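Have a look at the structure below before the remarks.
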Amino acid sequence: MANRRKSLRLGPEKPRESPDGAPQRRLPLGTSSFLIWLVAGLVGVMVLQRCLDRGDVQRVAYSELKQGVREKRFERVTLSPDWVRAFPRAAAKGAKEKAVRPWQAGRVPDDAALLKLLDEAGVPYEWSASSGFGQLFWVWIAPLLLGVGIVWFLFRGAAGAMRQGSGGLMAFEKSKARVHFESDTGITFSDVAGIDEAVEELREIVEFLAHPDKFRRLGGKIPKGVLLLGPPGTGKTLLARAVAGEAKVPFFNLSGSEFVEMFVGVGAARVRDLFEQAQGSAPCIIFIDELDALGKSRGWGGYTGAHEEREQTLNQLLAEMDGFDPRVGLIVLAATNRPEVLDPALMRPGRFDRQVLVDRPDKKGRAEILKLHVMEVKLGANVDLDKVAARTPGFAGADLANVVNEAALLAARRNADAVELQDFEAAIERVVAGLQKKNRCMNPDEKRIVAHHEAGHALVALSLPNAEPVHKVSIIPHGYAALGYTLQLPLEDRYLMREEELKDKLATLLGGRAAEELVFGAVSTGASNDLKRATDLARVMVLEYGMSPALGPLGLGGDGRPRFLGGELPAWPREQLYSERTAELVDAEIKRLVETELERAKSVLVTRREVLAAIAARLLEVEVIEKEELDRLAGAKETAVAGVSSGDELTLRKVG
């Protein structure tokens with residue numbers, strides 16, 4: 001198998017090496033003869049120009065020419081930047097025209113004495129830029145010949161290169177896939193943590209290629225395609241690189257955007273070329289990263305043909321995946337974080353037979369990922385990675401790597417010998433809330449509003465039985481527009497949320513606005529983010545979760561397909577899923593939910609107004625209150641606190 005891979009030819013032939021080890025560069029076909037004829041033509045033209053410029057003249061010294069002017073031997077004189085040409089008088093017929101070249105590097109000096117001599121002798125003189133032929137050649141003939149030569153050279157070289165299979169000018173039709181072997185990536189499945197189910201699925205794919213007879217003996221067929229889907233940063237591309245490190249077969253790696261160019265038909269040509277190379281190298285794996293750039297659902301551009309080129313590329317990919325023989329051991333591996341936009345024809349069995357979810361890790365998976373990232377980090381004695389994992393619910397692998405890096409940078413900034421737990425806590429806060437804006441100074445009135453706003457969030461969360469626990473409250477500005485925040489963390493990983501928990505979450509979101517109305521009798525712009533999040537949550541409860549008594553158990557929103565990047569499917573033309581009367585009822589139910597929970601938050605704050613004032617006063621004094629002091633100020637809850645779904649991010653209450 002190893003010998004077979006060494007002799008594998010994947011594209012253009014490798015350049016031969018010279019005795020000293022350097023690769024010999026061969027000129028394209030026809031290049032040598034073209035260069036010879038080009039140099040010969042330029043030399044011939046320069047010789048012809050020189051002959052025509054001189055004509056039938058006799059070269060004399062410059063002083064001799066001036067003496068001839070004094071003796072009035074010439075009937076006229078022509079001056080040029082390169083020469084002076086004097087014509088004998090009629091009495092001296094038969095004498096040759098004389099021309100004198102300058103002494104100084106091809107240019108006649110600015111000799112006012114010569115002009116004075118010509119005036120005194122009464123010899124008429126004129127100025128000539130050149131002989132005429134040189135200017136005509138360099139301005140018109142030379143650029144034209146150069147352009148024709150370049151065009152001829154390019155097309156001749158392209159034709160020869162295409163005959164030899166090396167691409168040449170038409171190389172944009174060739175696939176840009178990079179071929180990797182086991183030693184190229186340096187990553188194996190042992191370098192992947194927190195996504196064990198996905199690793200097992202891909203480990204089976206590698207085994208398909210290594211031992212195909214094991215699965216064929218019972219009539220089974222190797223899957224044609226495997227699609228990795230999940231939120232950004234969860235390790236889809238890392239898994240593909242691990243497959244390259246584990247597999248003993250060629251691994252073609254490219255992005256979906258590399259198929260699309262400005263030239264019509266290039267994408268389809270590249271797909272054909274990729275599969276031709278892959279089938280010639282089978283068994284092998286093709287990995288297409290960001291498949292949504294290539295496989296977006298057809299028809300989204302309307303009926304204007306704006307995406308015809310991309311659709312042709314997709315059609316070619318569909319045809320190639322249908323056409324290759326599964327017995328040859330060719331598997332297409334792809335990754336995307338937008339499965340909702342992929343064409344249904346691409347997702348059907350027979351093309352991408354398996355869809356592997358690479359989701360955000362749970363608490364145990366986060367701890368394993370942290371252990372991988374801290375291998376080269378010097379940790380302090382008080383660092384417990386399980387505690388760090390518990391404080392980072394909803395974090396993906398890339399987020400955890402960023403937390404470890406930020407913690408190391410913070411420890412280095414304070415000249416510490418090791419990374420302590422406080423560095424990890426500050427790093428989590430920095431990743432979630434953003435960088436502290438220490439230079440952003442609020443006036444006393446604004447600071448009082450922010451303090452009561454955040455105290456309202458915290459007190460409502462501490463008072464309701466199903467709200468997430470509050471770990472920190474701060475009125476220090478962070479990030480782009482957050483003037484303060486309330487940090488809440490779940491006690492455990494959760495996969496379902498009850499209606500009561502969602503309503504308590506709504507009330508907590510509206511606690512800041514309720515505190516402003518209660519204390520100041522007016523509202524500010526600080527609750528804009530809270531209102532948006534509350535409205536979105538209420539809309540989901542009504543449309544997707546069926547938590548509205550007026551509408552009943554109806555699912556009116558979305559199509560059930562996962563949307564890891566959020567937002568709605570931009571279908572065109574937009575389909576109306578329900579009637580106008582139902583739409584009015586949906587709006588009324590959303591408004592009712594939000595207003596009901598706002599009044600509920602107000603009632604909590606009215607009942608515990610003294611506690612609200614105490615928390616706000618303490619915030620104005622110290623700016624940050626941790627969980628222990630907050631529990632002491634507010635008192636313990638009467639009932640147990642439930643957590644949130646593991647897919648939810650850390651909850652931040654932002655002002656501004």
Side-chain angles (χ1 to χ4, degrees), residues 1-14 165-167 170-185 202 204-212 215-216 221-228 236-237 239-261 265-291 293-295 312-336 345-346 350-354:
M1 192 64 164
N3 294 333
R4 182 181 183 275
R5 290 203 309 272
K6 288 181 180 178
S7 61
L8 188 64
R9 178 179 177 180
L10 303 175
E13 183 179 358
K14 183 179 179 181
S166 60
M170 308 304 290
F172 56 77
E173 292 185 357
K174 298 296 181 181
S175 170
K176 297 182 178 180
R178 296 171 295 279
V179 184
H180 295 284
F181 293 94
E182 180 182 1
S183 59
D184 289 333
T185 63
L202 293 180
E204 190 178 41
I205 296 300
V206 174
E207 192 174 357
F208 281 153
L209 298 172
H211 308 286
F215 302 92
R216 291 176 186 163
K221 295 181 180 179
I222 298 177
K224 285 187 175 181
V226 178
L227 179 62
L228 304 177
K236 299 182 293 296
T237 305
L239 271 176
R241 296 178 65 190
V243 171
E246 294 281 348
K248 310 299 182 183
V249 295
F251 185 90
F252 293 80
N253 179 20
L254 72 166
S255 174
S257 60
E258 294 180 8
F259 288 102
V260 183
E261 292 281 359
V266 171
R270 285 183 175 172
V271 171
R272 287 192 297 270
D273 181 69
L274 172 64
F275 277 84
E276 286 176 3
Q277 293 186 48
Q279 288 182 358
S281 308
C284 67
I285 297 175
I286 297 175
F287 175 62
I288 304 175
D289 200 5
E290 305 297 343
L291 181 65
L294 170 64
Q312 288 181 2
T313 306
L314 174 58
N315 291 337
Q316 187 64 42
L317 177 62
L318 297 175
E320 294 291 343
M321 293 190 69
D322 263 344
F324 69 81
D325 188 353
R327 294 175 298 178
V328 301
L330 172 61
I331 293 180
V332 180
L333 186 65
T336 182
L346 197 62
R351 288 186 176 127
F352 283 103
D353 304 87
R354 293 192 176 185

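If you're wondering where the values come from, they're calculated on a predicted model, not measured in any experiment. Residue numbers count from 1 along this sequence.
Here R272 contributes atom CZ and T313 contributes atom OG1; the two are 9.5 Å apart, rounded to the nearest 0.5 Å. Distance check, rounded to the nearest 0.5 Å: CD of E276 to CD of E320 gives 7.5 Å. Atoms CZ and CG, from F252 and L274 in turn, are 7.0 Å apart once rounded to the nearest 0.5 Å. To the nearest 0.5 Å, atom NZ of residue K224 and atom CG of residue D322 are 5.5 Å apart. The CD atom of E246 lies 14.0 Å from the CZ atom of R241; values are rounded to the nearest 0.5 Å. For the atom pair Q279 CD and I286 CD1, the distance stands at 8.0 Å (nearest 0.5 Å).
The minimum heavy-atom distance linking L294 with L314 is given by the pair O-CB, 3.8 Å. When all heavy atoms of F352 and V332 are compared, the closest pair comes out as CE2-O, 3.9 Å. Counting all heavy atoms, side chain and backbone alike, F251 lies closest to V243 at CE1-CG1, 4.0 Å. Of all heavy-atom pairs spanning I288 and S255, the tightest one is CG2-C, 4.4 Å. Between M321 and L346 the shortest heavy-atom distance is SD-CD1, 4.4 Å. Scanning both residues, L291 and A334, for their nearest heavy atoms gives CD2-CB, 3.8 Å.
Looking only at atom types and distance, the side chain of Q316 has no donor-acceptor partner in the side chain of Q312 under 3.5 Å away. With 3.5 Å as the limit, one finds a donor-acceptor pair spanning the side chains of T237 and D289.
Between L333 and L202 the shortest side-chain heavy-atom distance falls below 4.5 Å. Looking at heavy atoms from C-beta onward, C284 lies in side-chain contact with L330 at the 4.5 angstrom threshold. At least one side-chain heavy atom of L227 sits less than 4.5 Å from a side-chain heavy atom of T336. Side-chain contact check for I331 versus F287: every heavy-atom pair is 4.5 Å or farther apart.
The pair E204-R354 meets the salt-bridge criterion, with a side-chain N (NZ, NE, NH1 or NH2) lying under 4.0 Å from an Asp/Glu carboxylate O.
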